Every structure is written in C-alpha cells, then in structure tokens.
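In this text, all values refer to a predicted model and were calculated from it rather than measured experimentally.
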Amino acid sequence: TSALSNPPQVGDEITYTFQVRNTGNVTLTNVMIADLLPGVTVSGGPITLGPAGSPTDTDTGTFTATYSLDAADLTAGQVVNTARATGTPPGGLPNVTGDDAETVLLPSVGIAKQLTAQIQNADGTVTASYNLVIENLGQDRLVNLEVTDVLQGANPLFGTFVGSLADPATSPMPDASYTMVTPPSAGCGPSNAGYNGATNTVVATNFALDAGASCTISFTIRLAPPDPLPAPQPNGGRFNNQATVTGQGETSGLLVTDLSDDGPNPDRDGDNIANEAGENDTTPLNTGINPSIALIKTANTSGVQDPAQ
C-alpha cells in the first residue's frame, strides 16, 4: 500500500504489508522477514508458524515495512524490491527461505509549449503557431489525460477572444483581442474543434500514453495587441502563457499534473521529473512591430543667383 502525493514526490512513504506462510510439514520458529532494498525498514517478529494445514500456518498482520522515495526512484519511475522470509525448522536442519518481489509504479507526465512560427502582419496583428508536446515520463501507462490552455485574459495573456470573424486570418480585429486561425490538431487523439482558450479551454481530453510515449498538438492564433504595447516581461515576451496536463496512472491510480515548459522538451534535464523548478517556464510571445520613419531633405538651389544676392 502507499500514501503517495499526486504526483509522487521525494520523501513520500510506501508502506508494505506481508503474508508469510509455512508450506512445509514441520513447525518453523524464529520466522523473520528482511527486505533486500536498502532503505526499507521492516518491523515485527520473530514468530512461530505451525505446519502447513494447521490453524497457525499463516500470518498476515505481524510484519510491516516502510520506504521513503528518493530522487532516483522518481527518475526510474518505479520501486522494485524483494522481501525474504526466513524460518528455523526443528532438529538442527538448515533455515528455509522464501522470496517475493513487489513493484510500485510511479507515474510522471510532462508538457512543453513551443512557439513554432510567428508572422507579423501588415495590419499590426501577429499570427502565432504553437506546439504542445505531452510525454509519459514514468513506467505506468497514463490514462484520462487532459490538456488545457487558457488564452483569454489581461496581459500577459492575449486579451479577449473574438470568434465571429469572416476570415480569422485577415479580418479586422479590435485591439487587445485574439482569434483562432486553426483549431488543435488531432496529434493526441480526437481534436477539440471548439477550443478557443476562453469559454472552452480544453485542448484535448480522454487520451492515453504508454510509458515513454509522447504526442504533439498544434494550433494557431492571431493576436491584435493592445495600444500601447504592454511592457516586456522578465523573459522578454510582451505576452506569456502556459498549458496544463493532468492524467492518472492506469496501474497505480495516482494522479499526475504538470505546467508546460517553454520549448519542445517537457523534461530538459532528462530526470523524468517535469513538474520541478526550471521546467515550468511560461512561453513568451513578442510582436514583430518595428515602427520606423526616414526623412531626406533636399535643397533646391536653382533660384539662387551666382554670386548669391
């Protein structure tokens, strides 16, 4: 059994229970359980077990063990350990042993958001294309995955959603607004054509990823910046936002979540843990507006006498 965080964290504790059974025809004394995984603490015993078939041949409540997760476990995506029961038969016979292995899967998910293309339009709007990369970083198959991405809101978000344009790619737009040019692709399963980042923030839902698998969703927006332009954010972008992924380990039942990191890789340091400092950075968008003016002044001297009067 386990009492792990959602998602699992360093220091979370796994509790093990044991059933030990005498399968021989003589009584066993000094029955003990040891765990072969360093860091596991086993409590209980010693006990005596009667011969197989007797009322006292099995024990289910004497022994327990605990283990605290470390970073290596999260990177591995699982905890695999083996317990060993030892008992002493009568008559000076050698001790007998029995082993059993247990695997606890630790689900992990990551998401990245990348600005893949940006076009500065002549009317001052910006067309921006994004990729969302979702990756199963653990050993447990992930199910019930859902990706959300909120676009509407005051700066650093993109303003007010406008959905009634004749042509989302070219129609005039009010300042401080955005529209969807292309809806989310079906890279992770059925696409949500109604996604708009405002009243409908679900990019994709109810899909699954096997351990180590990833998928990519693409969509494009068009932004009409406010006037005046907002000041740049610390990361250099005048606009910033993040997507979120949630899911559940199919075997473990544990919930997982992650905020998107800027770029194409949900797990830049490769430790299979995406929901950590340095890997939850917002994705910036700047405008390509570059106002400029030039003046050339030319003097006409045809009306000047020679010598000048």
Side-chain angles (χ1 to χ4, degrees), residues 7 108-120 125-138 142 145-159 161 168 178-207 209 212-223 225 230 232-247 256-288:
S108 180
V109 70
I111 184 171
K113 182 172 185 176
Q114 181 184 26
L115 177 66
T116 57
Q118 178 177 338
I119 299 173
Q120 180 62 54
T125 63
V126 179
T127 301
S129 297
Y130 292 96
N131 277 353
L132 298 175
V133 179
I134 302 93
E135 184 174 2
N136 183 345
L137 300 169
L142 296 178
L145 284 162
E146 181 170 284
V147 176
T148 57
D149 194 350
V150 177
L151 305 178
Q152 177 170 277
N155 183 262
L157 295 178
F158 302 120
F161 172 67
Y178 73 93
T179 193
M180 299 297 302
V181 178
T182 57
S185 65
C188 294
S191 62
N192 179 13
Y195 168 75
N196 58 28
T199 57
N200 189 335
T201 61
V202 177
V203 180
T205 191
N206 198 28
F207 63 98
L209 284 175
S214 63
C215 62
T216 301
I217 303 169
S218 303
F219 63 85
T220 300
I221 69 169
R222 179 167 161 245
L223 168 69
Q233 302 291 316
N235 64 359
R238 296 181 187 273
F239 305 91
N240 286 280
N241 93 306
Q242 283 180 299
T244 301
V245 61
T246 60
V256 290
T257 186
D258 186 41
L259 290 172
S260 64
D261 193 26
D262 180 35
N265 189 349
D267 181 32
R268 285 181 286 166
D269 62 7
D271 65 354
N272 293 332
I273 308 168
N275 192 19
E276 59 183 351
E279 293 184 332
N280 286 331
D281 297 332
T282 58
T283 299
L285 172 65
N286 219 327
T287 66

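- Side-chain atoms of Gln118 do not come within 3.5 Å of backbone N or O of Leu285 as any donor-acceptor pair.
- Of the possible donor and acceptor atoms, one in the side chain of Thr116 sits under 3.5 Å from a partner among the backbone N and O of Ser129.
- A donor-acceptor pair under 3.5 Å is absent between the side-chain atoms of Asn196 and the main chain of Met180, judged by distance alone.
- Counting only distance, with no hydrogens or angles, the side chain of Thr257 and the backbone of Val245 share a donor-acceptor pair below 3.5 Å.
- Side-chain N or O atoms of Ser260 include none that pairs as donor or acceptor with a backbone N or O of Ile111 at under 3.5 Å.
- Pro230 and Arg238 get closest at one heavy-atom pair: O-NH1, 2.6 Å.
- Leu151 is listed as a side-chain neighbour of Tyr195, based on a closest heavy-atom distance under 4.5 Å.
- Taken from OG1 in Thr216 to CD in Glu135, the straight-line distance is 9.5 Å, to the nearest 0.5 Å.
- Atom CG of residue Asp258 and atom OG of residue Ser108 lie 7.5 Å apart, to the nearest 0.5 angstrom.
- With a 4.5 Å cut-off on side-chain heavy atoms, Phe239 and Pro225 count as touching.
- Contact record, Pro266 with Ala274: O-CB, 3.3 Å, taken as the closest heavy-atom pair.
- Within the 4.5 Å cutoff, no side-chain heavy atoms of Leu145 are placed close to those of Cys188.
- Minimum interatomic distance between Pro284 and Leu115 (heavy atoms only, all atoms of both residues): O-CD2, 4.0 Å.
- The closest donor-acceptor contact from the side chain of Asn136 to the backbone of Leu209 lies under 3.5 Å.
- Here the shortest heavy-atom pairing between Ala112 and Pro264 reads CB-C, 3.8 Å.
- With Val203 as the partner, the side chain to side chain contact (heavy atoms under 4.5 Å, CB included) test is satisfied by one option alone out of Thr148, Val147, Ile134: Val147.
- In terms of modelled atom types and a separation under 3.5 Å, the side chain of Thr125 and the main chain of Arg222 share no donor-acceptor contact.
- Put simply, the residue from Asn272, Asn265, Asp267 that forms a side chain to side chain contact (heavy atoms under 4.5 Å, CB included) with Asp269 is Asp267.
- Partners of Thr246 by side-chain hydrogen bond (donor to acceptor under 3.5 Å, both in side chains), not counting sequence neighbours: none found.
- Atoms CD and CG, on Gln242 and Asp281 in that order, are 7.5 Å from each other to the nearest 0.5 Å.
- A distance of 7.0 Å separates OH in Tyr130 from OG1 in Thr283, rounded to the nearest 0.5 Å.
- For the pair Ile273/Leu137, no side-chain contact is recorded, criterion being any heavy-atom separation below 4.5 Å from C-beta on.
- Inter-residue side-chain proximity for Thr282 and Asp262 is flagged as unmet; no heavy-atom pair is nearer than 4.5 Å.
- For Pro156, the side chain to side chain contact (heavy atoms under 4.5 Å, CB included) partners two or more places apart in sequence, or in a different chain, are Gln233, Asn240.
- Between the NZ atom in Lys113 and the CG atom in Asn131 there is a gap of 10.5 Å [rounded to 0.5 Å].
- Thr179 contributes no side-chain N or O that, together with a main-chain N or O of Pro168, makes up a donor-acceptor pair within less than 3.5 Å.
- Under the 3.5 Å distance criterion, the side-chain polar atoms of Asn241 are left unmatched by any main-chain donor or acceptor of Asp149.
- With rounding to the nearest 0.5 Å, the separation of CG in Leu259 from OG1 in Thr244 is 4.5 Å.
- In this structure, Cys215 and Phe207 approach most closely via the heavy-atom pair SG-CE1, 3.9 Å.
- Pro7 places none of its side-chain heavy atoms less than 4.5 Å from the side chain of Val109.
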